[in-house]
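Every chain is numbered from 1 and lettered A, B, ... according to where its sequence line falls, protein lines coming before strand lines. Heavy-atom basis, side chains included; hydrogens, waters and symmetry copies ignored.
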2 protein chains.
Amino acid sequence: MKDVAKYAGVSIATVSKYLNGGNVLDKNKELIDEAVVKLDYQVNVMARGLKTNETMTVGIIIPSLTNLFFTTIVSKVENLLLQKGYSTIICDYREDEKLEKEKLNFLLSKNVDGIIMVPSCSEDNELINKVNKDLPVVLIDRNIEGVNCDVVLTDNINGSYDAVEQLIHRGHRRIGIICGPEEHYTAVERLTGYDRVHEDYNIARDKDLIRFGDYQIESGHQEIINLMKLAEPPTAIFVTNYEMTLGSIMGINELDIKMPDELSLIGYDNLQLAKIIKPSLSIVTQPMDEIGETAARLMLKRLKKDMSKHPAVYRLKSRIIIKDSVRKLNEG
Amino acid sequence: MKDVAKYAGVSIATVSKYLNGGNVLDKNKELIDEAVVKLDYQVNVMARGLKTNETMTVGIIIPSLTNLFFTTIVSKVENLLLQKGYSTIICDYREDEKLEKEKLNFLLSKNVDGIIMVPSCSEDNELINKVNKDLPVVLIDRNIEGVNCDVVLTDNINGSYDAVEQLIHRGHRRIGIICGPEEHYTAVERLTGYDRVHEDYNIARDKDLIRFGDYQIESGHQEIINLMKLAEPPTAIFVTNYEMTLGSIMGINELDIKMPDELSLIGYDNLQLAKIIKPSLSIVTQPMDEIGETAARLMLKRLKKDMSKHPAVYRLKSRIIIKDSVRKLNEG
DNA sequence: TTGTATGCGTTATCAA
DNA sequence: TTGATAACGCATACAA
């Protein structure tokens with residue numbers, strides 16, 4: 001900037017003011033513009049940060065960088081924040097709660113301006129609340145009891161409810177579900193939807209039909225085999241995330257089960273996959289781009305010190321798409 | 001730090017020196033340690049950076065955040081660099097070359113200390129070389145003609161050669177291959193391996209058996225169908241990345257082709273997938289963790305101004321795993 | 001070994 | 001509108 005000032009024949013203060021949107025004589029504007037181009041001037045983010053106490057950096061913490069659901073959201077967030085000049089430091093904690101805390105501390109030590117995170121299910125609210133006092137925190141996908149920061153969720157309960165209801169409408173009564181880990185936030189919600197629709201339609205639940213996986217491919221594969229090997233297997237199965245959906249399709253192929261004749265299936269999350277599978281797969285899709293967009297906008301708003309409606313809770317709608325993998329059961 | 005100095009009753013310079021590994025009287029060490037804990041002191045990365053001219057930040061640029069191969073590598077890199085105190089700013093350019101340049105400039109404007117990137121195949125060497133003059137650049141997965149920076153690659157040619165050779169050893173002569181985009185660095189290499197082994201074994205190539213996809217699920221699905229609908233379909237097919245392998249398995253299911261009786265298949269990249277598919281899938285796996293580790297170590301070395309053996313080229317070995325999806329063809 | 005003093009590149013204040 | 005100047009928090013050269 002010193003060089004620019006010298007080249008343009010004005011003071012440093014004038015350059016700084018102009019570059020930050022201040023008013024300057026037209027003559028000087030031109031001079032400075034020219035100098036900036038000529039000298040290829042770039043602001044020193046460190047020096048600016050030292051003064052403004054802002055790093056223009058947002059930390060993102062997710063459970064895994066190899067989970068398509070999270071990385072799709074992160075990709076959206078990253079691109080939106082970058083458009084506003086913000087860097088994102090993306091950390092994954094590999095589903096390890098100890099690592100989660102480490103990454104959080106790391107981001108804090110790097111003086112990020114805000115944090116967007118998908119917390120582990122046992123993350124404690126005190127820590128989050130404490131962090132949230134110093135800088136904006138936006139939670140994604142999972143809420144934490146007693147936490148008072150912004151959060152962007154999907155309506156897992158209704159999504160699950162609607163999916164199972166579609167099966168019921170088509171005459172299914174023995175409906176299996178492959179859930180995520182028993183204490184997991186979204187897993188609990190999705191199971192709740194399944195429970196409620198059974199209650200509402202007065203259908204007794206069979207414990208054997210409710211399986212808990214770990215949201216990984218292999219458990220989807222294993223649990224669908226367990227379900228289909230029951231003495232009285234389900235006529236339809238609802239699988240509650242992408243990885244397990246993938247696994248269950250492998251299982252169906254392995255057992256040579258005809259879909260939808262011998263089994264109706266509704267999967268989760270990946271539209272692309274749904275189109276490729278034959279018969280075309282019915283799924284519940286979460287609006288990943290919208291989730292990312294909402295989280296990014298919310299964060300940008302907070303970064304501008306706009307704390308209106310804090311804490312904000314967004315419940316985005318998931319969408320259910322019924323395709324050929326579901327058939328109507330003949331009564332009797 | 002001023003506060004720490006005051007609390008400990010020493011000068012700022014003493015605190016700074018101690019905190020940076022300098023020698024200080026034991027008595028003062030204790031005092032400073034106590035003050036640091038008491039005041040929960042954290043260095044101001046901006047102020048430090050302003051002095052040292054280092055941001056302790058490495059930029060990572062990849063084509064896509066939704067590609068498992070890249071995100072696995074990135075996850076490894078991120079974790080290793082963090083252990084040394086480095087942040088990573090991860091950018092994806094969504095396979096868009098224009099966006100790629102934007103992201104590169106963005107990272108430069110953020111004064112990152114180094115850049116690790118998977119370049120688009122048409123990235124120009126001049127730009128990279130220019131950047132590489134100012135800060136260390138490590139290329140991953142794809143090399144660029146005429147570029148003089150460090151690069152970490154997989155031996156695609158040999159990996160492909162070995163895979164196809166295994167098929168030949170088992171009596172296959174009509175071997176299909178589903179490649180990536182025609183100009184793509186790794187796609188060209190993997191096709192070269194296919195070509196060479198055909199030459200070495202004196203097997204004529206049939207153009208119809210060589211298909212070009214785009215490394216996405218759908219093209220794997222489409223091309224395997226094209227291959228199997230040939231008047232004289234191949235007895236074995238080699239699919240050259242993960243997404244297309246996924247797609248081709250969908251296609252096999254759709255066409256109800258019995259594997260390996262009617263078709264032998266070798267896929268790519270995902271060990272987990274290979275274990276789940278029935279019959280168990282033969283694959284070529286790239287050492288993703290090793291790639292990430294090598295790139296991270298190389299970057300750390302360059303960041304320490306150790307420029308020995310520059311530019312370094314690493315060619316990591318891929319591994320071929322033959323499982324039940326490949327069968328021995330009866331001669332005659 | 002310790003402390004004083006300087007400067008890193010900005011932004012912001014205030015006088016001109 | 002402009003410019004001189006202080007301050008941000010730290011690292012370091014140099015003097016003590």
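In this structure, the CD1 atom of B:I12 is 10 Å from the P atom of C:dT4, given to the nearest Å. Atom CG in A:L19 sits about 13 Å away from atom C1' in C:dG9, given to the nearest Å. Separating the CG atom of B:D26 from the P atom of C:dT1 is a distance of 10 Å, rounded to the nearest angstrom. The distance between atom CG of B:N111 and atom C1' of C:dC8, rounded to the nearest whole Å, is 13 Å. Atom pair A:N44:CG and D:dG9:C1' shows a separation of 14 Å (rounding to whole Å applied). If you measure from atom CG of A:L31 to atom P of D:dT1, you get 16 Å, rounded to the nearest angstrom. Rounded to a whole Å, the NZ atom of B:K2 is 16 Å from the C1' atom of D:dA11. Distance, A:Q42 CD to C:dT10 C1': 15 Å, rounded to whole Å.
Under the 3.5 Å distance criterion, with hydrogens and angles disregarded, a donor-acceptor pair is assigned to the side chains of B:D92 and A:N79. Between B:Y185 and B:N156, the side chains place no donor N or O within less than 3.5 Å of an acceptor N or O (distance only, hydrogens not considered). For the residue pair A:K301/A:S308, the side-chain donor-acceptor check at 3.5 Å is satisfied.
Both B:L50 and B:A13 lie near DNA chain D, and the one whose nearest nucleotide falls closer to the 5' end is B:L50.
Proximity of B:S11 to the phosphate of C:dT4: no side-chain N or O atom is located under 4.0 Å from OP1 or OP2. Remark: B:N20 is in phosphate contact with D:dA11, judged by side-chain N or O atoms under 4.0 Å from OP1 or OP2. Taking 4.0 angstrom as the limit, A:S16 places none of its side-chain polar atoms (N or O) nearer than this to OP1 or OP2 of C:dT10. Contact between the side-chain N/O atoms of A:N23 and the OP1/OP2 oxygens of D:dT1 is found at a separation under 4.0 Å. For B:Y18 and D:dA11, the shortest distance from a side-chain N or O to OP1 or OP2 is not below 4.0 Å.
Ion pairing of A:R297 with A:D150 is absent here, as no side-chain N (NZ or NE/NH1/NH2) approaches a carboxylate O to less than 4.0 Å.
Between the side chain of A:K51 and the base of D:dA7, at least one donor-acceptor pair of N or O atoms lies under 3.5 Å.
Here C:dT11 is the nucleotide among C:dG3, D:dG3, C:dT11 with the atom lying nearest to any side-chain atom of A:M1. In the set D:dG9, C:dG3, D:dG3, D:dG9 carries the atom at the smallest distance from any side-chain atom of B:A47. Here the side chain of B:L25 is nearest to one of C:dG3, D:dC10, C:dT1, namely C:dT1.
Nucleic acid contact for A:E54: none, since no nucleic acid atom lies under 4.0 Å from a heavy atom of the residue.
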message: Evaluate B:M117 against B:L139 for side chain to side chain contact (heavy atoms under 4.5 Å, CB included), listing each step before the verdict.
response: CA-CA 5 Å; B:M117 77 184 291; B:L139 259 35; 3.7 Å; yes
